Number of protein chains: 4
Amino acid sequence: MRGRILKESIDLFDKKGFSKTSIQDIIDTIGVTKGTFYYYFKSKQELLMDIHLNYIKELLAEQEVIFNDEYLSNKEKMNNLISLIIKNIKIHGKSARVFNREFRHLDDNQLKLINDYRKEFRIKLQKLLGEGIEKGEFRDDLRCDIVIFGILGMVNRSYNWYDPDGEVSEEELVNTYMDIILNGIKKEEKTALINEKIIENHFTV
Amino acid sequence: MRGRILKESIDLFDKKGFSKTSIQDIIDTIGVTKGTFYYYFKSKQELLMDIHLNYIKELLAEQEVIFNDEYLSNKEKMNNLISLIIKNIKIHGKSARVFNREFRHLDDNQLKLINDYRKEFRIKLQKLLGEGIEKGEFRDDLRCDIVIFGILGMVNRSYNWYDPDGEVSEEELVNTYMDIILNGIKKEEKTALINEKIIENHFTV
Amino acid sequence: MRGRILKESIDLFDKKGFSKTSIQDIIDTIGVTKGTFYYYFKSKQELLMDIHLNYIKELLAEQEVIFNDEYLSNKEKMNNLISLIIKNIKIHGKSARVFNREFRHLDDNQLKLINDYRKEFRIKLQKLLGEGIEKGEFRDDLRCDIVIFGILGMVNRSYNWYDPDGEVSEEELVNTYMDIILNGIKKEEKTALINEKIIENHFTV
Amino acid sequence: MRGRILKESIDLFDKKGFSKTSIQDIIDTIGVTKGTFYYYFKSKQELLMDIHLNYIKELLAEQEVIFNDEYLSNKEKMNNLISLIIKNIKIHGKSARVFNREFRHLDDNQLKLINDYRKEFRIKLQKLLGEGIEKGEFRDDLRCDIVIFGILGMVNRSYNWYDPDGEVSEEELVNTYMDIILNGIKKEEKTALINEKIIENHFTV
DNA sequence: GATGAATGAGTGTTCATTCAT
DNA sequence: AATGAATGAACACTCATTCAT
């Protein structure tokens with residue numbers, strides 16, 4: 001029952017927003033009574049916190065798995081991470097949207113905890129970037145924090161517009177983002193492109 | 001008075017969120033009574049709509065100015081647009097955050113109108129990109145819509161974390177974003193870099 | 001309206017008790033809506049506090065008047081005070097019962113304030129007793145605090161059983177209490193005791 | 001288990017009041033579940049009734065013992081009764097406070113029964129006083145009912161303020177009360193009464 | 001004897017909104 | 001232009017109680 005309440009709440013919070021979703025809405029959807037809701041959750045806010053914790057903890061766990069794979073370059077890790085985020089939209093898109101939209105309804109203590117987790121995620125990404133720079137995979141003339149904020153902004157926003165059942169495949173989206181992030185959108189001059197080609201060849205060999 | 005209500009509402013909606021800000025909060029801040037509020041606004045929602053309209057219309061107007069400048073390349077127009085957005089954080093950050101967070105509280109008709117404006121902004125950007133591609137300024141092997149969504153995600157998110165009074169200057173932020181967008185973060189191989197240099201020289205000449 | 005709410009609330013709190021009286025009960029009695037109640041009172045508890053403050057402040061004011069009358073002996077002042085309490089049952093009996101029964105529903109801060117006032121009332125009575133002892137009006141071999149607690153217990157309980165419209169007149173009740181109290185705590189002179197007999201004899205004849 | 005529930009309930013009802021104590025509070029304190037509570041008690045109100053019945057029945061039984069002691073004068077019986085009440089504060093103070101505060105939460109039938117017992121206790125005391133008057137132990141010019149209400153008010157209130165572990169010993173409290181009461185209602189000796197007249201005359205002049 | 005999931009009526013409270021003045 | 005008393009629907013939440021196991 002607890003699980004069902006969580007699931008339906010996420011649905012409704014995604015569809016209508018936290019403040020416009022009443023406990024009544026939730027229990028009506030499930031077909032139970034108020035008492036049942038409060039048997040499983042102390043308050044509406046605690047339910048929201050639960051959703052947040054579930055989401056960020058799973059995300060951190062998945063991030064950890066990717067980061068710990070020693071056979072991957074930092075570039076590849078970043079690619080996999082973006083892929084992870086995009087591919088999760090289908091399964092966890094609702095949670096993700098709730099997570100990214102409704103955290104303002106948490107109280108101060110809850111918010112602090114969630115923001116610590118958020119930061120943890122960002123800092124790890126930053127470290128990934130930093131290591132990649134040291135290894136010569138990434139440029140060393142950009143502020144890491146800004147770059148990461150930029151990448152996260154770009155990728156995370158997908159939750160708000162990307163339809164996994166639409167005409168753009170997940171692969172194309174991931175590849176496009178990675179391409180922009182790695183190479184930029186500027187058209188290279190001929191010579192540059194040639195060399196780029198060589199590099200690419202050299203690289204993939 | 002109307003202006004004061006708008007101003008204080010934006011402040012409060014930014015600080016506490018739309019649903020957690022009551023009319024009472026607003027009028028207490030200003031020091032008037034309920035009747036006054038309803039003399040100037042039909043409803044709380046109409047006030048929110050007003051804020052949205054003011055924001056998006058001004059943004060579109062400023063976009064228009066930049067786009068109509070025939071002395072700028074598309075690359076430069078994009079740079080100026082990003083600069084516009086970042087520099088607006090100091091003056092219009094509150095409005096922007098309200099605009100990007102609270103639109104879910106508009107009713108269907110209002111939301112449709114706002115979304116049309118939003119789309120107009122995005123489509124214009126997309127056209128800018130498209131023209132740039134035709135002129136050879138930008139790569140032609142990426143989907144325009146995805147690229148624009150990516151860029152907007154990256155830049156717009158700044159409203160949520162960027163502190164214009166912090167250690168990063170607006171110029172640095174704009175340049176970093178433009179650099180990532182145009183060139184990417186991948187470290188170029190020597191030969192590539194050399195050619196890049198040439199391009200840059202060629203470019204600035 | 002505020003006054004009406006106060007009045008009807010006291011009635012209901014006296015009749016049914018604070019916790020069993022709902023806001024709904026109160027507004028139904030008056031014929032207004034919930035909003036009206038909350039326009040005048042921040043909460044049910046604040047209403048209760050208001051009742052308490054009104055009651056104790058008026059009581060203290062009346063105590064003050066009696067105490068400041070310099071033409072009265074301490075014995076007479078005590079008599080007048082008891083008379084005041086008993087005679088108030090008709091007009092303020094409901095308030096008094098609410099005051100003496102429902103204070104446990106106040107929160108800690110409210111309760112502290114009310115208890116300070118309560119204590120003030122008691123301490124003043126104690127001073128009255130102390131002065132009377134010094135002037136030889138009362139016995140000096142009893143603890144003032146206990147005596148006052150005893151007197152207050154005796155007199156205050158009347159709110160719970162005394163019916164001002166019943167067969168016992170207010171005068172008789174006051175006189176009986178004073179008689180019990182005075183002839184108990186009054187310093188008996190040897191000679192005095194002898195003469196008392198004469199009166200009694202004379203009286204009963 | 002039944003006993004534990006009773007004990008903890010009295011504790012909680014004394015500390016927080018009946019209406020503010022939930023079944024949940026009670027079972028949490030004991031460490032059992034709701035079912036257990038309802039296995040032993042039909043309802044919360046029945047539990048309250050149980051507490052009331054236990055209390056008043058024991059009190060009546062103890063009253064009975066004192067009253068049936070044929071070696072005691074009525075004066076002594078009254079003294080012992082007051083002593084009984086005061087000394088009980090240490091052991092039964094919580095029950096007594098619950099009994100004197102929470103009876104309003106009983107339903108009509110329960111309340112009627114409890115009030116009958118209460119009355120029985122009072123009437124017996126009144127009879128004790130009446131017999132004492134006949135035997136010349138107490139004054140005969142005061143209404144018995146009022147006197148008993150007064151005495152009970154005085155003594156019973158002790159439950160609300162008297163701390164058996166404080167600086168005033170139980171003996172001192174009992175003696176003070178008895179002193180106040182007895183020397184008030186006690187029939188004065190001949191010689192003593194004669195002198196009173198003189199004082200009074202002297203006084204009013 | 002004891003569990004604990006589920007009930008559902010009821011509670012205090014909030015708040016956007018109206019309207020006579 | 002502005003007031004502020006009054007509305008009333010909605011809300012989050014509580015809690016004594018039931019009952020299948």
Side-chain angles (χ1 to χ4, degrees), chain A residues 1-2 4-5 18-28 30-48 105, chain B residues 1-2 5 18-28 30-48 105, chain C residues 1-2 4-5 18-28 30-48 105, chain D residues 1-2 4-5 9 18-28 30-48 105:
Chain A
M1 175 56 58
R2 197 169 200 280
R4 285 199 62 196
I5 296 175
F18 177 78
S19 62
K20 275 183 176 166
T21 302
S22 66
I23 304 291
Q24 198 64 52
D25 290 335
I26 296 169
I27 62 170
D28 283 352
I30 304 177
V32 291
T33 56
K34 281 208 178 145
T36 303
F37 177 89
Y38 283 96
Y39 182 77
Y40 291 102
F41 295 93
K42 225 175 87 252
S43 66
K44 193 185 173 191
Q45 232 175 26
E46 206 212 51
L47 163 63
L48 185 63
H105 291 102
Chain B
M1 176 56 60
R2 200 168 198 281
I5 295 175
F18 177 78
S19 62
K20 278 183 175 163
T21 302
S22 65
I23 305 288
Q24 197 64 51
D25 290 335
I26 297 168
I27 62 170
D28 283 351
I30 303 176
V32 292
T33 54
K34 288 224 171 125
T36 305
F37 178 90
Y38 281 94
Y39 182 78
Y40 290 102
F41 295 91
K42 218 177 94 252
S43 68
K44 192 185 173 191
Q45 230 171 29
E46 204 211 55
L47 163 63
L48 184 65
H105 291 102
Chain C
M1 176 53 61
R2 198 168 199 279
R4 285 199 61 196
I5 295 175
F18 177 79
S19 62
K20 277 183 175 164
T21 303
S22 65
I23 304 291
Q24 197 63 52
D25 290 336
I26 296 168
I27 62 169
D28 283 350
I30 304 177
V32 291
T33 55
K34 281 204 176 153
T36 304
F37 178 90
Y38 282 94
Y39 182 77
Y40 290 102
F41 294 93
K42 224 176 85 253
S43 67
K44 194 185 172 191
Q45 231 174 27
E46 205 211 54
L47 162 63
L48 184 63
H105 290 102
Chain D
M1 176 55 60
R2 200 170 198 279
R4 286 199 62 196
I5 296 175
S9 301
F18 177 78
S19 62
K20 277 182 177 166
T21 303
S22 67
I23 304 290
Q24 197 64 51
D25 290 335
I26 296 168
I27 63 170
D28 283 352
I30 303 176
V32 292
T33 54
K34 288 225 170 122
T36 305
F37 178 89
Y38 282 93
Y39 181 78
Y40 290 104
F41 295 93
K42 220 177 94 250
S43 69
K44 193 186 174 191
Q45 233 173 24
E46 205 210 53
L47 163 63
L48 184 63
H105 291 102

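Within every chain, numbering begins at 1; the chains are lettered A, B, ... in the order of the sequence lines, protein sequences first and strands thereafter. Note that this is a predicted model, so its numbers are computed, not measured.
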| Between D:Q45 and B:G31, which has a closest nucleotide on DNA chain F that is more 5'? | B:G31
Just distance, no hydrogens or angles: give the donor-acceptor pairs under 3.5 Å from side chains in residues 40-48 of chain A, sequence neighbours left out.
{"from": "A:S43", "atom 1": "OG", "to": "A:Q45", "atom 2": "N", "distance (Å)": "3.4"}
{"from": "A:S43", "atom 1": "OG", "to": "A:E46", "atom 2": "N", "distance (Å)": "3.1"}
{"from": "A:K44", "atom 1": "NZ", "to": "A:F18", "atom 2": "O", "distance (Å)": "2.9"}
{"from": "A:K44", "atom 1": "NZ", "to": "A:T21", "atom 2": "O", "distance (Å)": "2.8"}
{"from": "A:Q45", "atom 1": "NE2", "to": "A:H105", "atom 2": "O", "distance (Å)": "2.8"}
{"from": "A:E46", "atom 1": "OE1", "to": "A:K42", "atom 2": "N", "distance (Å)": "3.3"}

| request: List in numerical order all residues of residues 20-28 of chain C for which some heavy atom is under 4.0 Å away from an atom belonging to DNA chain F. | output: none
| With distance as the sole criterion, do the side chain of D:K34 and the base of E:dT3 form a donor-acceptor contact below 3.5 Å? | no
| query | Which of residues 35-44 of chain D sit near DNA chain E, with a heavy atom under 4.0 Å from it? | reply | D:G35, D:T36, D:Y39, D:Y40
How long is the straight-line distance from [atom2] of [Y] back to [atom1] of [X], given to the nearest 0.5 Å?
X	Y	atom1	atom2	value
D:I23	D:D28	CD1	CG	11.0 Å
D:S9	D:I30	OG	CD1	6.0 Å
C:I27	C:Y38	CD1	OH	9.5 Å

| field | Euclidean distance, atom CZ of residue D:R4 to atom P of E:dG1 [Å, nearest integer] | value | 15 Å
| task | Starting from P on F:dA1, measure out to CD1 on B:I30 and report it in whole angstrom. | result | 15 Å
| query | Please, what dot-bracket string fits DNA chain E when only Watson-Crick and G-U pairs with both distances under 3.5 Å count, crossing ones use [ ] and pairs to another strand use |? | reply | .||||||||||||||||||||
| message | If the condition is side-chain contact (heavy atoms from CB on, under 4.5 Å), which residues does C:T33 pass it with, not counting sequence neighbours? | response | C:T36
| request: Can you sort out the partners of A:R2 under side-chain hydrogen bond (donor to acceptor under 3.5 Å, both in side chains), two or more places apart, ordered by chain and number? | output: A:D50
| What residues form a side-chain hydrogen bond (donor to acceptor under 3.5 Å, both in side chains) with A:K20, not counting sequence neighbours? | none
| said: Contact between A:F37 and A:V32 at the side-chain level, heavy atoms closer than 4.5 Å - yes or no? | reply: no
| said: B:D25: which residues meet the salt bridge (Lys or Arg N to Asp or Glu O under 4.0 Å) condition with it, sequence neighbours left out? | reply: B:K16
